[in-house]
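Predicted model, so just to flag it, every value in this text is computed and none were measured.
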Amino acid sequence: RSFSLLRQKLGTTALSGKYSFSTLANSCTTTPRHIKIVEVSPRDGLQNIPTFVPTADKISLISQLTSAGCPSIEVTSFVSPKWIPQMADAVDIMTHLSFSRNSRSTSCRYAVLIPNLKGMERAVSHHPDEIAVFASASESFSRENINCSIDDSFRRFAPVFRMAKDAGIPVRGYVSCVMGCPYQGDVSVGAVAAVAGRLVDMGCHEVSLGDTIGVGTVGEVKGLIRAVTQFVDVEMMAVHFHDTYGQALANIYGAVEEGVSVVDASVAGIGGCPYAGGASGNVATEDVLYMLHGMGMTTGIDLDKMIDAGNFISNVLGQPTNSRVAAAIIAKRERL
C-alpha cells in the first residue's frame with residue numbers, strides 16, 4: 001500500500017477536497033446488527049478533569065462499566081503525569097485490574113493508551129488486553145499535540161508495535177482530527193485515509209476515526225467513510241465523535257449505515273481532548289445505546305446499569321450528566 005495507490009483509488013478531487021457524500025460512488029454495505037461499544041470514559045473521559053479523581057473511584061467506575069456488559073474499556077493511559085496529571089495512577093489501576101483479572105467472569109477487554117516507547121515499557125508488565133496508539137490526520141495538530149510531524153510520530157510508533165507483537169498484545173489505532181483541526185481548519189480525505197492505512201499497515205487490528213472538535217455532519221461522515229473504506233476494510237473501522245455541535249448521534253447513525261460496527265463513547269458524556277479547544281465532550285454512551293437499541297441493534301450492554309455508572313461518576317465529579325437519556329430516565333425513576 002502507498003499514498004500513490006490511494007490516489008489511484010480515490011482520485012485527486014476526493015483526496016484533496018472536503019468530505020463529499022455525493023461525489024463518491026454508492027457503497028454496497030450491509031448495516032450491522034450488532035455494534036461493539038468501546039467505552040472510553042475512564043481514560044478519555046477523565047483525562048482533562050482538572051481535579052484529581054481518586055483512584056478508588058476510577059476503579060469503581062471501571063467495575064460498574066464491566067458489570068454493565070461493556071465489551072471493551074479504555075481504562076487509563078501510560079502518558080507522563082507531567083502532561084496529563086489525571087493519569088498519574090495508571091500503574092495502580094492496572095495493578096488492581098491484574099489482581100482481579102482471574103476472578104473476572106466477563107469477556108471485557110481492558111485497553112490502555114500508549115503515547116510512546118517509554119509508556120509501552122511501563123505498560124507491558126501489567127499485561128493489558130490491548131494497547132491504543134494515536135496519530136493525527138492534521139500536521140498542525142500533530143506538532144501542537146505531540147511536538148512532532150506525522151511521519152515522525154510513525155517512526156516513534158515502530159518500536160511500540162514491535163514490543164506489542166512480541167508480547168502478543170493487539171494494537172488499536174486512533175486517527176484524530178478526521179473532520180477538521182482546531183489549528184489548520186479543514187483536513188483532506190486523503191490525509192485521513194493515508195494515516196488510517198499506515199496504522200493498519202503497521203499492525204493495527206482496528207482504527208478509530210475521531211472527530212476531535214465535533215464539527216462533522218452526517219453527509220460528510222458518510223463521504224469520509226466511503227473514501228477510507230477504499231483503503232481500510234470497514235470491518236476494521238471504528239468511529240469516535242465529540243458532540244460539540246450536537247451532531248454525534250446523527251454521525252454515528254450515518255457511520256453505522258455505511259457498515260461501521262464499532263463505536264467509541266463515554267458514559268455521561270464526560271471528556272474531550274485536552275489539547276483541542278472547543279471539544280466540549282464525548283458522545284454519551286447512554287444516548288448511543290438508546291438509539292442503537294431503538295433501531296433493533298444489539299450491544300450486549302445493560303442501559304440501566306450504564307445509567308447508574310454515569311450517575312456515579314457524575315456525582316464524583318460534582319456535575320450533572322451530559323446524557324439526555326440518563327437525565328430523562330433518572331427523572332422518571334424519581335417520579336415513581
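A donor-acceptor pair under 3.5 Å is absent between the side-chain atoms of Asp233 and the main chain of Glu235, judged by distance alone. A donor-acceptor pair under 3.5 Å links the side-chain atoms of Ser314 to the main chain of Gly310, judged by distance alone. Although no hydrogens or angles enter the test, the distance criterion places no donor-acceptor pair under 3.5 Å between the side chain of Ser60 and the main chain of Ala56. Not a single donor-acceptor pair under 3.5 Å links the side chain of Gln247 to the backbone N or O of His242. Using a distance-only test at 3.5 Å, with no hydrogens or angles considered, a donor-acceptor pair links the side chain of Glu39 to the main chain of Val267. Ser67 places no side-chain N or O within donor-acceptor distance of the main-chain N or O of Gln64, the cut-off being under 3.5 Å. No side-chain donor-acceptor contact under 3.5 Å links Asn282 to the backbone of Ala265. Between the side chain of Asn251 and the backbone N or O of Gly216 there is at least one donor-acceptor pair closer than 3.5 Å. Between the side chain of Glu206 and the main chain of Met237, no donor-acceptor pair closer than 3.5 Å is present. A donor-acceptor contact shorter than 3.5 Å is absent between the side chain of Ser266 and the backbone of Ala284.
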Let's go through Ser208 and Val175 carefully: what are the C-alpha distance in whole Å and the side-chain angles of both, what is the deciding distance for side-chain contact (heavy atoms from CB on, under 4.5 Å) to 0.1 Å, and is it a yes or a no? CA-CA 6 Å; Ser208 180; Val175 184; over 6 Å; no
Begin with the C-alpha distance, continue with both residues' side-chain angles, and end with the deciding distance and a verdict on side chain to side chain donor-acceptor pair (under 3.5 Å) for Asp152 and Ser149. CA-CA 5 Å; Asp152 285 341; Ser149 68; 3.3 Å; yes
Report the C-alpha distance between Thr299 and His34 in whole Å, list the side-chain angles of each, state the deciding distance to 0.1 Å, and finish with yes or no for side chain to side chain donor-acceptor pair (under 3.5 Å). CA-CA 6 Å; Thr299 63; His34 181 83; over 6 Å; no
Step by step, work out the side chain to side chain donor-acceptor pair (under 3.5 Å) result for Glu220 and Thr217. CA-CA 5 Å; Glu220 294 171 337; Thr217 58; 3.3 Å; yes
Show, in sequence, the C-alpha distance, side-chain angles and deciding distance for Ile225 and Val239, and conclude whether the side-chain contact (heavy atoms from CB on, under 4.5 Å) test is met. CA-CA 9 Å; Ile225 290 171; Val239 289; 4.3 Å; yes
Evaluate side-chain contact (heavy atoms from CB on, under 4.5 Å) for Val171 paired with His205, printing each intermediate quantity in order. CA-CA 6 Å; Val171 183; His205 73 94; 5.6 Å; no
Check the pair Glu258, Val234 against side-chain contact (heavy atoms from CB on, under 4.5 Å), reporting the backbone distance first and the verdict last. CA-CA 8 Å; Glu258 292 301 313; Val234 72; 5.7 Å; no
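For the side chain to side chain contact (heavy atoms under 4.5 Å, CB included) criterion with Leu209, the lone passing option out of Val178, Val221, Val232 is Val178. Checked against Glu74 for a salt bridge (charged side-chain N to carboxylate O under 4.0 Å, His left out), the options Arg109, Arg172, Arg43 give a single hit: Arg43. Of the candidates Cys181, Ser153, Ser142, Ser136 forms a side chain to side chain contact (heavy atoms under 4.5 Å, CB included) with just one, namely Ser142. Of the options Val316, Ile330, Ile329, a side chain to side chain contact (heavy atoms under 4.5 Å, CB included) to Asn311 is made by Ile330 and by none of the others.
Electrostatic pairing of Lys58 and Asp89 counts as a salt bridge here, judged by a charged N lying under 4.0 Å from a carboxylate O. Salt-bridge formation is not detected for the pair Asp201/Arg198: no Lys NZ or Arg NE/NH1/NH2 atom is positioned less than 4.0 Å from an Asp or Glu carboxylate oxygen. Using a 4.0 Å cut-off between charged nitrogen and carboxylate oxygen, Lys36 and Asp264 do not count as a salt-bridge pair. A salt bridge does not link Glu286 to Lys305: none of the charged side-chain nitrogens sits closer than 4.0 Å to a carboxylate oxygen. Salt bridge present: Arg333 and Asp308 bring a charged side-chain N and a carboxylate O closer than 4.0 Å.
You'll find the side chain of Phe141 reaches within 4.5 Å of the side chain of Ser176, heavy atoms only. The closest side-chain heavy-atom distance from Cys177 to Pro182 is below 4.5 Å. The shortest distance between side-chain heavy atoms of Thr298 and Arg33 does not fall below 4.5 Å. Side-chain contact check for Val256 versus Ser261: every heavy-atom pair is 4.5 Å or farther apart. Contact of the Arg335 side chain with the Lys332 side chain is registered, since non-hydrogen atoms from C-beta on lie closer than 4.5 Å. Between Leu113 and Phe78 the shortest side-chain heavy-atom distance does not fall below 4.5 Å. No side-chain heavy atom of Thr76 sits less than 4.5 Å from a side-chain heavy atom of Tyr110. Inter-residue side-chain proximity for Cys70 and Met306 is flagged as met; some heavy-atom pair is nearer than 4.5 Å.
Nearest heavy atom pair, residue Gly119 against residue Ile114, reads O-CD1, 3.9 Å. Minimum interatomic distance between Asn48 and Gly271 (heavy atoms only, all atoms of both residues): OD1-CA, 3.9 Å. When all heavy atoms of Thr321 and Ser323 are compared, the pair lying nearest together is OG1-N, 3.0 Å. Closest non-hydrogen pair, Asp287 versus Val325, comes out as OD1-N, 3.0 Å. The two residues Asn322 and Gly269 have their closest heavy-atom pair at ND2-O, 3.3 Å. In plain terms, the two heavy atoms of Ala88 and Pro81 that are nearest each other are CB-CB, 3.9 Å.
By the criterion of side-chain heavy atoms lying less than 4.5 angstrom apart, applied directly or through intervening Ile, Leu, Val, Met, Phe, Trp or Tyr residues, Met202 is not grouped with Phe134; the two fall into different hydrophobic clusters. With hydrophobic clusters built from ILVMFWY side chains whose heavy atoms lie under 4.5 angstrom apart, Phe154 shares a cluster with Val187. Linking Ile, Leu, Val, Met, Phe, Trp and Tyr whenever their side-chain heavy atoms come within less than 4.5 Å leaves Val262 and Leu292 in two separate clusters. Linking Ile, Leu, Val, Met, Phe, Trp and Tyr whenever their side-chain heavy atoms come within less than 4.5 Å puts Met295 and Leu289 in one cluster. Val75 and Val133 end up in the same hydrophobic cluster when Ile, Leu, Val, Met, Phe, Trp and Tyr side chains are linked at under 4.5 Å.
The neighbour count for Tyr290 OH, taken as heavy atoms of other residues, nucleotides or ligands under 6.0 Å away, does not exceed 12. Applying the 6.0 Å contact sphere to CZ of Phe312 captures more than 12 heavy atoms from other residues, nucleotides or ligands.
We find the CG-CG distance between Asp243 and Leu249 to be 6.5 Å, quoted to the nearest 0.5 Å. One distance of note links CD1 of Ile270 with CD1 of Ile49; it measures 6.0 Å at 0.5 Å rounding. Atom NE2 of His127 and atom OG of Ser98 lie 6.5 Å apart (nearest 0.5 Å). For the atom pair CZ of Phe161 and CG of Asp166, the computed distance is 13.5 Å after rounding to the nearest 0.5 Å. Here CD1 of Ile37 is found 12.0 Å from CG of Leu65. Values are rounded to the nearest 0.5 Å. The CE atom of Met120 sits 11.5 Å away from atom CG of Asn116, with the distance rounded to the nearest 0.5 Å.
Every residue two or more places apart in sequence or in another chain that forms a ring-ring contact (aromatic ring centres under 6.0 Å, His included) with Tyr174 is listed here: His240.
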